Amino acid sequence: MRLLLVEDEVSLADALAHILKKHSYEVDVFYDGEEGLDNAILTIYDLIILDRMLPSMNGTEILKQIRKEGITTPVIFLTAMDGISDRVDGLDCGADDYLVKPFSTEELLARIRALLRRKEKDLQDINMIIVGNVEFTPSTLMVRINEYQSKLTFKEGQLLEYLIMNKGHVLSKEKLFDKIWGFNSDSEFTIVEIYIHNLRKKVVVKGAKISIDTIRGIGYRLKEDV
Ligand code: CA
């Protein structure tokens, strides 16, 4: 995880960077507002820690600018002022969280973890494929049907994803084999049958509103049950 820290109080910035690195984060530090902005818009960062009062350009300006550019990187806003309006300002400008100085490093670390977890979850949700009541996340290979959850093997996941993408169409065994196992695979065509069997056992029979039909002599078709 790579963090950007923009803070002009050099001793504080360096101390924070040191602690963050000790917690296995990569950290880039900038002590100046404009420099901070130039780097914040690079989208290489997983999270930005941004001080409010900075030379050349203040934190709220930076925040407005990066949100205007469509950059959604989570931002923790640091403010020395405890006034409610300052905190509201930060959140209004697009900060995800804020900390009032002085704060404990434990608290900063906890906020960072919380935001990174949320980001991770958002990414998973984006990558989720939904058909009927079946939710499949290719990146984690997790299948969820109502309360039931199961983890597929890599090949099972590829096969399910391909069937879902071609929902309603008949796919020949050969086509599935070439797509998932590859032309040069040592496996036999019959492996497709085994994997379809596994998918039915792990997914279809668990109350899924989909079925995988066998089309005799040709192959398979995934369809949504209505
Ligand atoms: Ca400052």
Side-chain angles (χ1 to χ4, degrees), residues 1-130 135-142 144 149:
M1 291 288 171
R2 192 161 177 188
L3 313 185
L4 172 68
L5 172 61
V6 188
E7 163 64 74
D8 62 315
E9 250 174 86
V10 176
S11 56
L12 174 63
D14 292 351
L16 286 179
H18 179 73
I19 290 161
L20 292 169
K21 281 174 189 162
K22 254 176 67 181
H23 283 82
S24 311
Y25 296 109
E26 279 178 71
V27 190
D28 295 333
V29 186
F30 294 93
Y31 309 105
D32 173 82
E34 274 178 14
E35 242 183 322
L37 175 63
D38 288 347
N39 287 279
I41 57 174
L42 292 180
T43 70
I44 54 171
Y45 295 103
D46 296 293
L47 185 138
I48 299 168
I49 303 163
L50 185 61
D51 188 28
R52 180 189 168 89
M53 300 294 280
L54 290 163
S56 78
M57 182 182 247
N58 69 33
T60 36
E61 279 308 308
I62 296 174
L63 201 46
K64 274 187 208 159
Q65 202 60 40
I66 61 175
R67 292 298 184 238
K68 215 172 94 185
E69 300 277 335
I71 290 156
T72 57
T73 311
V75 172
I76 298 177
F77 205 52
L78 303 181
T79 167
M81 290 165 277
D82 195 16
I84 286 175
S85 66
D86 293 324
R87 291 183 242 163
V88 171
D89 263 5
L91 296 174
D92 277 351
C93 291
D96 298 87
D97 205 349
Y98 65 87
L99 275 173
V100 178
K101 290 179 187 175
F103 52 83
S104 75
T105 49
E106 280 312 312
E107 186 169 9
L108 176 64
L109 288 166
R111 305 278 180 104
I112 291 171
R113 284 195 299 272
L115 282 178
L116 291 177
R117 265 202 306 274
R118 205 171 83 191
K119 191 181 156 190
E120 193 98 324
K121 200 183 162 297
D122 288 350
L123 280 178
Q124 279 181 17
D125 289 349
I126 289 167
N127 294 326
M128 192 184 280
I129 298 169
I130 300 171
E135 299 171 358
F136 175 57
T137 309
S139 57
T140 59
L141 298 170
M142 291 304 292
R144 182 195 283 273
Q149 250 196 100

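Predicted model only: the values in this text are computed from it and were never measured. Residue numbers run from 1 in the order of the sequence given. All ligand and atom numbering here is 1-based and tracks the order in the structure. Basis for what follows: all heavy atoms, side chains included, without hydrogens, waters or symmetry-related copies.
E7 contributes a side-chain N or O that, together with a main-chain N or O of E9, makes up a donor-acceptor pair within less than 3.5 Å.
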From CA spacing to verdict: side chain to side chain contact (heavy atoms under 4.5 Å, CB included), F103, L78: CA-CA 9 Å; F103 52 83; L78 303 181; 3.7 Å; yes
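Sorted by first and then second residue, the salt bridge (Lys or Arg N to Asp or Glu O under 4.0 Å) pairs with a member in residues 16-34 read R2-D28; sequence neighbours excluded.
For the side chain to side chain contact (heavy atoms under 4.5 Å, CB included) test, residues two or more places apart in sequence or in another chain that qualify with D14 are V10, Y31. Taking the side-chain hydrogen bond (donor to acceptor under 3.5 Å, both in side chains) definition, one finds that R67 meets it with D96, sequence neighbours left out.
Sorted by chain and number, the protein atoms of type N, O or S within less than 3.0 Å of the Ca ion (ligand 1) are D8 OD1, D51 OD2, M53 O.
Rounding to the nearest 0.5 angstrom, the gap separating the CZ atom in R111 from the CG atom in D97 is 4.5 Å.
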